[in-house]
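Since the structure is predicted, the reported quantities are computational estimates derived from the model, not experimental observations.
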Amino acid sequence: MNKTFPALLLGLMFPFSASAAWDYEISGSATGLYGYSDLEPRFQNYEHHSQGTGDFRLNTAVIYTYNDDYSASLNADFMGGIDHELKNYSQGDWGEEVYGIFDAPAGRLMIGQTANVATQFHQGAPMVGPLGLNESRVVDFITNPNWVRTKKTASFATLNSTAINTDGTAAKVSYITPEFYNTLLGFSYVPDAYSRTGLINKFADYAKDEGYIAALYHNLDLDFVDISASLSYAEYHDNDKELGAGMQLRRGGWTLGGSFRKTYIDGDDKRKPSPISERTPELFDNYREGYAWDIGLGYEIGPYQVSLGYFDAKASHTKNRSQITMLSNQYQFNKWIDAYLIGAYTKFRGATDAVSENRTGYAVVSGLRLNF
């Protein structure tokens, strides 16, 4: 992409004005969690019963506002983790996301390290708290052999999200149309789909290929219930094609939601498997043919939120399957402090019955988040 394009666009959209306003924003959070797990007897020697983790996030932005219709921002977000099972920040244990956002009557343009429009529009099972069902951090407390992301390699035998997250926060260009009839359309172009925040193995022969994502979001207010829905489609060149759909229904403090995602290899996508090695282990890209779905119910009253959700991801041609059931409670003491109590049951199944490829058990996790 022409490197002068963002600068030219900014100059066209935001001509100099003495009345223009500059501003900045800084926010962040620090989260500490402690969990205790109880696994089926045959897995006891492969897991720690107790585990603590930490997360830190800092969000910064410089904002230029020309008037009510035109604005631009340069954003830099930083994050880090302690004792995470998956090293899936952009730099492993820590990461950065730098991107620009340009808003005008013609729509929104985003350039940089952002999630694609399908992930941004995604509607599905409501889930409170820091673990989540999609890209779930429950694996910090009960390991999922189907999901591996270390400093040396990546292997996803099943999908880990119902949102299309194959490219993670790889650098991209995204455009979102203005809202019309409560509907948004979005498009993302990814020149290089590999990112440690996604599913692609750095050493796959298609890692540097491009991706195209399109998504639709629609909201419908029927007075007695508010409905939001999303549809998405993605093509990752020489990798796979993906479809996604989701919906949420909201009434009062209640939210009911669910979503579905399917991946498949077709056409020019490469069917020949990569050679097995330490960096490209067997089934490392098994996620390319499979499906995932979730469903959940959430409720919010005052400072208290609770959600109950189920996530299920299955490979199409192997026995690999990842199932998570989670009850999550969150209480906001004030604008600075949130408290969590979470219970989860997981069943992670591998291609064989070997202990190293399977995990089943319960985890109870509690913790605090400090917001600033």
Beyond-backbone contact of [X] with [Y], side-chain heavy atoms, under 4.5 angstrom:
{"X": "Ile200", "Y": "Tyr206", "answer": "yes"}
{"X": "Thr360", "Y": "Thr346", "answer": "no"}
{"X": "Tyr340", "Y": "Ser328", "answer": "no"}
{"X": "Arg42", "Y": "Asn358", "answer": "yes"}
{"X": "Pro126", "Y": "Val128", "answer": "no"}

Passes salt bridge (charged side-chain N to carboxylate O under 4.0 Å, His left out), Glu357 versus Lys319? Steps please. CA-CA 11 Å; Glu357 296 183 16; Lys319 293 170 57 179; over 6 Å; no
Measure across [X] and [Y] and return the closest heavy-atom pair with its distance rounded to 0.1 Å.
{"X": "Gln120", "Y": "Ala115", "answer": "NE2-O, 2.9 Å"}
{"X": "His237", "Y": "Asp209", "answer": "O-OD2, 3.1 Å"}
{"X": "Gly132", "Y": "Met127", "answer": "CA-CG, 3.6 Å"}
{"X": "Asn286", "Y": "Ala315", "answer": "ND2-CB, 3.2 Å"}
{"X": "Glu278", "Y": "Pro281", "answer": "O-CD, 3.9 Å"}
{"X": "Phe187", "Y": "Ala214", "answer": "CD2-CB, 3.9 Å"}

Step by step, would you call Ser136 with Phe311 a side-chain contact (heavy atoms from CB on, under 4.5 Å)? CA-CA 10 Å; Ser136 180; Phe311 172 88; over 6 Å; no
If you count the non-hydrogen atoms of other residues, nucleotides and ligands that lie under 6.0 Å from [atom1] in [X], is the total more than 12?
{"X": "Ile301", "atom1": "CD1", "result": "no"}
{"X": "Glu40", "atom1": "CD", "result": "yes"}
{"X": "Glu179", "atom1": "CD", "result": "yes"}
{"X": "Tyr175", "atom1": "OH", "result": "yes"}
{"X": "Phe180", "atom1": "CZ", "result": "yes"}

Using only heavy-atom distances, determine whether the side chains of [X] and [Y] contain a donor-acceptor pair under 3.5 Å.
{"X": "Ser322", "Y": "Thr158", "value": "yes"}
{"X": "Arg57", "Y": "Asn59", "value": "yes"}
{"X": "Asn371", "Y": "Ser29", "value": "no"}
{"X": "Glu96", "Y": "Tyr89", "value": "no"}
{"X": "Asn160", "Y": "Asn165", "value": "yes"}

Going only through I, L, V, M, F, W and Y residues with side-chain contacts under 4.5 Å, is there a path from [X] to [Y]?
{"X": "Phe102", "Y": "Val173", "answer": "yes"}
{"X": "Tyr331", "Y": "Val306", "answer": "yes"}
{"X": "Leu220", "Y": "Phe224", "answer": "yes"}
{"X": "Tyr194", "Y": "Val148", "answer": "no"}
{"X": "Phe156", "Y": "Leu283", "answer": "no"}

Show your reasoning for whether salt bridge (charged side-chain N to carboxylate O under 4.0 Å, His left out) applies to Lys151 and Asp93. CA-CA 9 Å; Lys151 294 180 179 180; Asp93 289 322; 3.7 Å; yes
Nearest 0.5 angstrom please: [X] [atom1] to [Y] [atom2], how far?
{"X": "Asp338", "Y": "Gln330", "atom1": "CG", "atom2": "CD", "result": "5.0 Å"}
{"X": "Asp312", "Y": "Thr162", "atom1": "CG", "atom2": "OG1", "result": "11.5 Å"}
{"X": "Asp226", "Y": "Leu249", "atom1": "CG", "atom2": "CG", "result": "8.5 Å"}
{"X": "Thr197", "Y": "Met79", "atom1": "OG1", "atom2": "CE", "result": "9.0 Å"}
{"X": "Phe203", "Y": "Lys152", "atom1": "CZ", "atom2": "NZ", "result": "10.5 Å"}
{"X": "Leu74", "Y": "Ile101", "atom1": "CG", "atom2": "CD1", "result": "10.0 Å"}

Going by side chain to side chain donor-acceptor pair (under 3.5 Å), name the pairs with one or both residues in residues 73-82, residues two or more places apart or in two chains. Ser73-Asn75, Asp77-Tyr99
Ring geometry between [Y] and [X] (parallel below 30°, tilted from 30 to 60°, perpendicular above 60°):
{"X": "Trp147", "Y": "Phe348", "value": "tilted"}
{"X": "Tyr66", "Y": "Tyr64", "value": "tilted"}
{"X": "Phe56", "Y": "Phe372", "value": "parallel"}

Sidechain-backbone polar pair: [X] side chain, [Y] backbone, donor-acceptor under 3.5 Å:
{"X": "Asn146", "Y": "Arg349", "answer": "yes"}
{"X": "Asp240", "Y": "Tyr236", "answer": "no"}
{"X": "Arg196", "Y": "Thr150", "answer": "yes"}
{"X": "Lys87", "Y": "Gln91", "answer": "no"}
{"X": "Thr60", "Y": "Ala76", "answer": "yes"}
{"X": "Ser174", "Y": "Asn116", "answer": "no"}
{"X": "Asp83", "Y": "Thr53", "answer": "no"}
{"X": "Asn334", "Y": "Ile337", "answer": "yes"}
{"X": "Gln123", "Y": "Gly246", "answer": "no"}
{"X": "Arg149", "Y": "Gly198", "answer": "yes"}

Only residue of His218, Met247, Arg250 satisfying side-chain contact (heavy atoms from CB on, under 4.5 Å) with Ser228 is Arg250
Could you walk me through whether Trp22 and Val62 satisfy the side-chain contact (heavy atoms from CB on, under 4.5 Å) test, starting with their C-alpha distance in whole Å, then the side-chain angles of each, then the deciding distance to 0.1 Å, before giving a yes or no? CA-CA 7 Å; Trp22 289 89; Val62 177; 4.0 Å; yes
Could you walk me through whether Arg261 and Glu242 pass the salt bridge (charged side-chain N to carboxylate O under 4.0 Å, His left out) test, one step at a time? CA-CA 7 Å; Arg261 175 185 178 190; Glu242 310 194 13; 2.7 Å; yes
So that I know where these two stand, are [X] and [Y] an aromatic pair - ring centroids less than 6.0 Å apart?
{"X": "Phe260", "Y": "Trp293", "result": "no"}
{"X": "Tyr212", "Y": "Tyr189", "result": "yes"}
{"X": "His49", "Y": "Tyr36", "result": "yes"}

Which is it for Asn144 and Arg359 under the side-chain contact (heavy atoms from CB on, under 4.5 Å) test, yes or no, and what are the steps along the way? CA-CA 7 Å; Asn144 184 355; Arg359 292 290 187 279; over 6 Å; no
